[in-house]
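The figures here come from the full heavy-atom set of this structure, side chains too, leaving out hydrogens, waters and symmetry mates. Counting from 1, the numbers follow the sequence of the chain as shown. As the structure is a prediction and not an experimental result, all values here were calculated from the model.
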Amino acid sequence: SEALVEVGRTDEAAAIAEAGLNDVRAALGPDHPGVGVAAVGLGRARAAQGQDAEADALLDLAETNLAALGPAAASQLRAIAQIRTRYGLE
């Protein structure tokens with residue numbers, strides 16, 4: 001979905017990312033780090049759509065779920081910070 005966001009196809013990116021998040025949540029449970037990874041993608045798409053409140057909530061969810069990974073989540077946490085900066089969600 002990141003590539004779709006980059007070329008301006010944000011509605012398509014959001015639909016794909018939302019389906020992925022729902023699938024991961026159903027398969028692994030709501031607190032699994034995989035849900036955090038999926039939430040980053042949907043958060044990026046929502047931010048690109050200008051849906052700041054939803055994007056911020058998704059990125060918060062991602063940070064919470066990824067915290068369980070400790071240092072292994074560093075690249076994902078950097079991606080979240082970059083999304084927040086790019087779309088003014090700080």
Donor-acceptor pairs under 3.5 angstrom involving side-chain atoms of residues 13-26: please list them, not counting sequence neighbours.
residue	atom	partner	partner atom	Å
E18	OE1	R46	NH2	3.3
N22	ND2	E18	O	3.3

Using atom types as modelled, flag every donor-acceptor pair under 3.5 Å from a side chain in residues 73-84 to any protein atom, sequence neighbours excluded.
residue	atom	partner	partner atom	Å
R84	NH1	D56	OD1	2.2
R84	NH2	D60	OD1	2.7
R84	NH2	E63	OE1	3.4

Under 3.5 Å, which donor-acceptor pairs do the side chains of residues 29-44 form with other protein atoms, sequence neighbours left out?
residue	atom	partner	partner atom	Å
H32	ND1	G34	N	2.8

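Under a hydrophobic-cluster definition in which Ile, Leu, Val, Met, Phe, Trp and Tyr are linked whenever side-chain heavy atoms come within less than 4.5 Å, directly or via other members, L69 and L61 are assigned to different clusters.
E2 is linked by a side-chain hydrogen bond (donor to acceptor under 3.5 Å, both in side chains) to nothing, counting only residues two or more places apart in sequence or in another chain.
The line from CD of Q49 to OH of Y87 is 10.0 Å long, rounded to the nearest 0.5 Å.
Here the closest heavy-atom approach between residue A47 and residue D52 is recorded as O-OD1, 4.4 Å.
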